[in-house]
Amino acid sequence: MTQTPILPGATIGFLGGGQLGRMAAMAARSMGYDIQVLDPDTSCSARPIASKCITAKWGDTAAGAALARECAVVTLEIEQIPVETLDAVAAITPLHPGSGPLYIVQDRARQKEWLRSEGFPLGGFKTVTTEQECVNAVRALGPSIVKSSHGGYDGRGQARVTESFEGANAFTGVGGGCAVVEAFLDIHEELSVMVARSADGAVAVYPPSRNHHTAGVLTWAVTPGGFASETETQAMALALQITERLGIVGLLAVEMFKLTNGDLLVNELAPRPHNTYHHSERAHATSQFEQMIRAVCGLPLGATDILVPGAIHNLLGDLWHDGIAPDFAQALTIPGVRVHLYGKPSARPGRKMGHLSAVGATPEEALARVQQAYELLKR
Ligand SMILES: Nc1ncnc2c1ncn2[C@@H]1O[C@H](COP(=O)(O)OP(=O)(O)O)[C@@H](O)[C@H]1O
Ligand SMILES: [Mg+2]
């Protein structure tokens, strides 16, 4: 399907105005688009960038329709939006990605079952809907992670278990209902691949990012990832196949694990900008945010080459003490470092408040720079 390009000057709607929406909206603004946002939070991060914010719950189909009526295209920065709202939007204006792929991706169990049915490589897992099924799953899989099927992110809604009897508490602990029990994997390296796809089928794949998580939350990411070249080729091919099989228009980030035994497995999918590609604003010829705008507007996709090594380090609310922000001037003493803040009004431990980015002559140098700058903020 070819799409007449939606040219700068038009209005783009965003479902979700968190930090991903904010950064994508800034890229769209740079290109000359107008932005409107729907988000339940009156002080959402994208508010200062949008010419209009609709404050409404995700399930408010009338609010979705109201956004759609004023926009040439609607995209999103969060996938957990009820299908009724997605359909209300899509009945009025193009929605990218569409509700078909979003329905599959937005629920962890459905996403994993779909990946398995399509033959993509995954770790052992079982979908469970009762405490007893959870206990049985842990007995079969051994040490596991129980993950809620709905709404978990940044390691939230997850519980690690080693013995099967712990499965009952873990199931209720993550909220009951439906959960995925995953065998605990012996991970050697974590990587992600970002893919952009347009309605006419054009695709652009980014080289893999190397990612480091602490207690389930991304700490830093760096590119080039420095993986074995066959790992990179395999990871990029996998991500592209998944994107095409899902029929994504927009972005798809594919998180992967390289195990110590050499297996490359898919962890999870995100049909939107992703924390592990924030360095694309510095390192790549086209940032993930601009790429998303190009893809959903039917513009030619931008080059994904790495122009210079780049890294990011997340800034969590833990760095704020009694509401007082760390001394960002300190971070800026390190060459190549930039500070990115999301304008969130209050800091809480674990809350993503911003990130540091840096470029360097090598990926090691770019990473060392954000780490050094981060250490200065911890004082
Ligand atoms: N099956 C697993 N075995 C070992 N570590 C895991 C497993 N699943 C997740 N993790 C670790 O936890 C992190 C967050 O898990 P993930 O499923 O990606 O949840 P989220 O949706 O919160 O990002 C991963 O990036 C990885 O570091
Ligand atoms: Mg993840």
Side-chain angles (χ1 to χ4, degrees), residues 16 18-20 77-80 102 104-116 120-128 134 137-138 140-162 166-167 170 173-175 178-195 208-222 225 227 235 238-239 242 251-278 288 312-314 316 349-352 355:
Q19 64 264 23
L20 303 174
E77 59 121 44
I78 179 168
E79 54 273 27
Q80 277 93 12
L102 291 172
I104 294 170
V105 174
Q106 66 181 203
D107 175 283
R108 196 186 288 278
R110 203 179 292 136
Q111 180 190 122
K112 289 214 101 112
E113 297 287 354
W114 179 85
L115 285 164
R116 177 153 65 191
F120 292 110
L122 298 170
F125 79 95
K126 288 182 189 293
T127 299
V128 298
C134 193
V138 180
L141 293 166
S144 314
I145 307 188
V146 181
K147 301 182 181 179
S148 168
S149 202
H150 309 282
Y153 66 100
D154 290 345
R156 283 172 241 205
Q158 302 193 4
R160 279 190 64 172
V161 291
T162 43
E166 298 172 281
V174 304
C178 181
V180 173
V181 183
E182 293 184 17
F184 196 81
L185 300 167
D186 192 2
I187 299 170
H188 175 52
E189 297 170 308
E190 289 200 47
L191 61 157
S192 54
V193 173
M194 179 60 78
V195 182
S209 171
R210 177 181 293 271
N211 310 325
H212 182 78
H213 293 77
T214 310
V217 188
L218 184 74
T219 305
W220 54 256
V222 63
F227 301 98
L238 251 178
I242 295 171
L251 299 180
L252 185 75
V254 181
E255 295 180 18
M256 299 180 213
F257 299 141
K258 179 87 178 168
L259 304 189
T260 41
N261 71 6
D263 288 354
L264 182 67
L265 304 180
V266 175
N267 174 34
E268 61 168 348
L269 312 177
R272 51 165 169 80
H274 197 255
N275 197 170
T276 61
Y277 274 86
H278 288 355
Q288 61 170 343
I312 62 114
H313 195 298
N314 271 340
L316 301 183
R351 188 175 203 199
K352 287 178 180 167
H355 65 273

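Counting starts at 1 for both ligands and their atoms, in listed order.
- Looking only at heavy atoms of the protein, atom 17 (O) of ligand 1 is closest to K147 NZ, 2.5 Å.
- Here E255 contributes OE2 and E268 contributes OE2, and at the Mg ion (ligand 2) these two atoms make an angle of 80°, given to 10°.
- In this structure, atom 11 (C) of ligand 1 has no protein heavy-atom contact shorter than 4.0 Å.
- Nearest heavy-atom pair, L191 versus F257, reported as atom, atom and distance to 0.1 Å: CD2-C, 4.3 Å.
- Heavy-atom distances between F257 and ligand 1 reach below 4.0 Å in at least one pair.
- Judged by distance alone, the side chains of H212 and E190 never bring a donor and an acceptor atom under 3.5 Å apart.
- Distance check, rounded to the nearest 0.5 Å: CD of E77 to CG of L251 gives 12.5 Å.
- What sits closest to atom 5 (N) of ligand 1 on the protein, heavy atoms only, is I187 CD1, 3.4 Å.
- Between R272 and L102 there is no side-chain heavy-atom pair separated by less than 4.5 Å.
- Checked by atom type and distance alone, the side chain of E268 never pairs as donor or acceptor with a backbone atom of E255 at under 3.5 Å.
- Considering only heavy atoms from C-beta on, L238 stays 4.5 Å or farther from V254 through its side chain.
- The closest side-chain heavy-atom distance from V180 to K126 is not below 4.5 Å.
- Using a 4.0 Å cut-off between heavy atoms, F184 contacts ligand 1 through both its backbone and its side chain.
- Under a 4.0 Å criterion applied to the non-hydrogen atoms of N267, ligand 1 contributes the atoms 16 (P), 17 (O), 18 (O).
- Nearest protein neighbour of atom 13 (C) of ligand 1, counting heavy atoms only, is G216 CA, 3.8 Å.
- Side chains of L218 and H213 form a contact here, defined as non-hydrogen atoms less than 4.5 Å apart.
- Here the closest non-hydrogen pair linking G350 and R156 is O-NH2, 3.5 Å.
- None of N275, T219, D154 except one satisfies the side chain to side chain donor-acceptor pair (under 3.5 Å) rule with N314; the exception is N275.
- Residue contacts with ligand 1, taken as heavy atom pairs separated by less than 4.0 Å, involve R108 solely via side-chain atoms from C-beta onward.
- Atoms of ligand 1 lying under 4.0 Å from any heavy atom of E182, numbered from 1 in the order shown and given with element: 1 (N), 8 (N).
- Every atom of ligand 1 with a heavy atom of D154 under 4.0 Å away is listed here by number and element: 20 (P), 22 (O).
- Taking all heavy atoms of Q158, H213, E190 into account, the minimum distance to atom 27 (O) of ligand 1 is reached by E190.
- Contact annotation: for N211 versus ligand 1, there are no heavy atoms closer than 4.0 Å.
- Taking distance alone, with nitrogen or oxygen atoms compared against 3.5 Å, A183 approaches ligand 1 more closely than that limit.
- Contacts with ligand 1 closer than 4.0 Å are made by no heavy atom of L218, backbone or side chain.
- Rounding to the nearest 0.5 Å places CD of E182 at 9.0 Å from OG of S144.
- The protein atom (non-hydrogen) at minimum distance from atom 3 (N) of ligand 1 is L185 N, 2.9 Å.
- Within the structure, ligand 1 has G155 among the residues with a heavy atom less than 4.0 angstrom away.
- Ligand 1 places these atoms under 4.0 Å from at least one heavy atom of E255: 18 (O).
- Geometrically, ligand 1 and R156 share no nitrogen or oxygen pair separated by less than 3.5 Å.
- Within the 3.5 Å criterion, the main-chain N or O of A221 finds no donor-acceptor partner in the side chain of Y277.
- Both tests do not hold together for R108 against F125: distance to the six-membered ring centre under 6.0 Å, angle to the ring axis within 45°.
- Proximity to Y153 (heavy-atom distance under 4.0 Å) selects the following atoms of ligand 1: 22 (O).
- For atom 20 (P) of ligand 1, the closest heavy atom belonging to the protein is E268 OE2, 3.2 Å.
- With hydrogens left out, the protein atom closest to atom 7 (C) of ligand 1 is I145 CD1, 3.4 Å, a heavy atom.
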